[in-house]
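This report concerns only the one structure given below.
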2 protein chains.
Amino acid sequence: MKTETIRLKKYHQLIKQGDALKNLFILKSGSIKEVIINEDGSSFITKFYFKGDVLGLNSIDLEYHPTSFLTLEDTIVEKFNFQELLSNSVSFHYFFTKMSESVTEYTIRKRVFTQKSEGKISSLLLELFNKNPDSPDYFNMSMTREDIANHLGLSEFTVSRILSKLQKESIIEIKAKSRSIKLIDKKKLENRSL
Amino acid sequence: MKTETIRLKKYHQLIKQGDALKNLFILKSGSIKEVIINEDGSSFITKFYFKGDVLGLNSIDLEYHPTSFLTLEDTIVEKFNFQELLSNSVSFHYFFTKMSESVTEYTIRKRVFTQKSEGKISSLLLELFNKNPDSPDYFNMSMTREDIANHLGLSEFTVSRILSKLQKESIIEIKAKSRSIKLIDKKKLENRSL
DNA sequence: CGAACCCTTGATTGATGTCAACATACGTGG
DNA sequence: CCACGTATGTTGACATCAATCAAGGGTTCG
């Protein structure tokens, strides 16, 4: 099956909410936020995506994309034509498995949203560290505090406060320009995320 | 494809967390809660299921069930052998579509968890009314206040208080024994759920 | 009929949002 | 390359929301 590699600039919209389903994508490098715009005009970040993640799986039954996908930095994706994919058993099996993984992930991840702010942020940080295999104890954040707040249902002030608190307690270290975070004490962070 | 209809008593465990994947089920009548037990022994209700819902979709990539399923009342389900299902293209297509629906649903539903308590409960009530096609303005609740609280990340006291408040404001009416709810003003309830 | 369970309500405490002020970083045009 | 204006991030004071604790009423079931 032939695919296409696409290079995207920061803040580029790869998929627009409402577009017909034509392609699915695999994220090769960079990062992307998935956003849903509500009827009242407010928006909600449903998920952050990193290397290896599949984009667009929520469009298969609807045949259109219910969410938009926006790059948070310069990003590379690989494009798969959905019709071709259906007739290619190897690719099909891969995407089928990925979709099932998504269901499992949501089942488990939902619990994060019932936690208090410290738990929510600790869980997200652990997810970010784990999804960044190149440097497991260091994460270069492409999203803003406001993005994190929106995604977790907090105010940006609370996000800022909790991050400062975790730093004071020597669990993380916030580096230059507030945008990169070093993991100091994983055990403690895991305890906070319970 | 041959299937089997099973009748279950109240509080019966249909699927146990950790069981190998053998069957998927469709809920024909009654209601079921899906529960995940965490390492620390605490549990979290990931979802309530009603007529027409498919049980077990989060087990396909894992090949075991990551959650338990418990009936909330006398319940009837239909059993599908997963191996047979894979080789039956009609059934397969049906479950594939259902799984994609789940991904979409989770994408959208996550936003509920970023709302305040009144929004969370209003959203859940609307979901319950919509999922109960037989009597769209009336719902006989099989779950306890504590179940709702656990599922939404609230205390049972807050659930009780918000329900009382919605009743005082003539949006719902709580009937006999606190367990059935009549929808009075859908528009207002929708506004609360934004 | 009594015990266990479920639900409700009030008082208090703790957590989080809001608002205001300021600091830092970034981007653009001179 | 600098200067400025805009974005983003931090922190404190205060208000609001929701959890906790305590008490009591109703329902169910043996």
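In the text below, chain A, chain B and the rest are named by the order of the sequence lines, each starting its count at 1. For the numbers below, each heavy atom of this structure counts, side chains included, while hydrogens, waters and symmetry mates do not.
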Q) Between B:K188 and B:E169, is there a salt bridge with N-O shorter than 4.0 Å? A) no

Q | Side-chain N or O of B:T144 closer than 4.0 Å to phosphate OP1/OP2 of C:dC5 | A | no

(Q) Distance check needed: C:dA25 P versus A:R145 CZ, whole Å only. (A) 12 Å

Q. Rounded to the Å, how far apart are B:M141 CE and C:dC7 P?
A. 7 Å

Q.
In the structure I gave you, are the side-chain heavy atoms of B:Y64 and B:L21 within less than 4.5 Å of one another anywhere?
A. no

Q: Would you indicate what A:L163 reaches in the nucleic acid, counting non-hydrogen atoms under 4.0 angstrom: base, sugar-phosphate, or nothing?
A: nothing

Q: Begin from the C-alpha positions of B:K22 and B:E63 and carry the test side chain to side chain contact (heavy atoms under 4.5 Å, CB included) through to its verdict.
A: CA-CA 8 Å; B:K22 274 193 204 153; B:E63 297 183 346; over 6 Å; no

Q: Only one of B:E73, B:K131, B:M141, B:K10 passes side-chain contact (heavy atoms from CB on, under 4.5 Å) with B:S31; say which it is.
A: B:E73

Q: To the nearest Å, give me how far apart CD (A:Q115) and P (C:dT16) are.
A: 11 Å

Q: Using whole Å, report how far NZ of A:K165 lies from P of C:dT16.
A: 9 Å

Q) Going by heavy atoms in the side chains, are A:H12 and A:L70 under 4.5 Å from each other? A) no

Q | Option among A:T71, A:I32, A:L72 that satisfies the side-chain contact (heavy atoms from CB on, under 4.5 Å) test with A:Y49 | A | A:I32

Q) DNA chain D: B:G153 or B:K177, which has the more 5' nearest nucleotide? A) B:G153

Q: Classify the glycosidic conformation of C:dA25 as syn or anti, calling it syn when the angle lies within 90° of 0.
A: anti

Q: State plainly whether the residues A:E156 and A:R161 are in salt-bridge range, i.e. N to O under 4.0 Å.
A: no

Q: Identify the 5'-most and 3'-most nucleotides of DNA chain D with at least one atom closer than 4.0 Å to a non-hydrogen atom of chain B.
A: D:dC17 to D:dT28

Q) Among residues 155-162 of chain A, which contact DNA chain D at a heavy-atom distance under 4.0 Å? A) A:F157, A:S160, A:R161

Q.
Does this structure show an ion pair linking B:D147 with B:K33, if we count only N-O contacts that are shorter than 4.0 Å?
A. yes

(Q) Take a 6.0 Å sphere around NZ of B:K98 and say whether it holds more than 12 heavy atoms from other residues, nucleotides or ligands. (A) yes

(Q) Using five base pairs at each end to define the local axes, how bent is the helix from C:dC1-D:dG30 to C:dA23-D:dT8, to the nearest 10°? (A) 40°

Q: Figure out the CD1/P separation between B:I181 and C:dC7, and round it to whole Å.
A: 10 Å

Q: Whole angstrom is fine here: how far is it from CD in B:E146 over to P in C:dC5?
A: 11 Å

Q. Roughly how many Å is it from CD in B:Q167 to P in C:dC7, rounded to a whole number?
A. 14 Å

**Q.** Shortest non-hydrogen contact between B:D185 and B:S170, atoms and distance
**A.** CB-O, 3.9 Å

Q. After noting the C-alpha distance and the side-chain angles of A:K79 and A:E4, does the key distance pass the salt bridge (Lys or Arg N to Asp or Glu O under 4.0 Å) rule?
A. CA-CA 5 Å; A:K79 183 166 93 176; A:E4 191 182 335; 3.4 Å; yes

**Q.** Within 6.0 Å of CD in B:Q115, more than 12 heavy atoms from elsewhere
**A.** yes

**Q.** Integer-rounded Å distance: C:dC6 C1' and B:I174 CD1
**A.** 13 Å

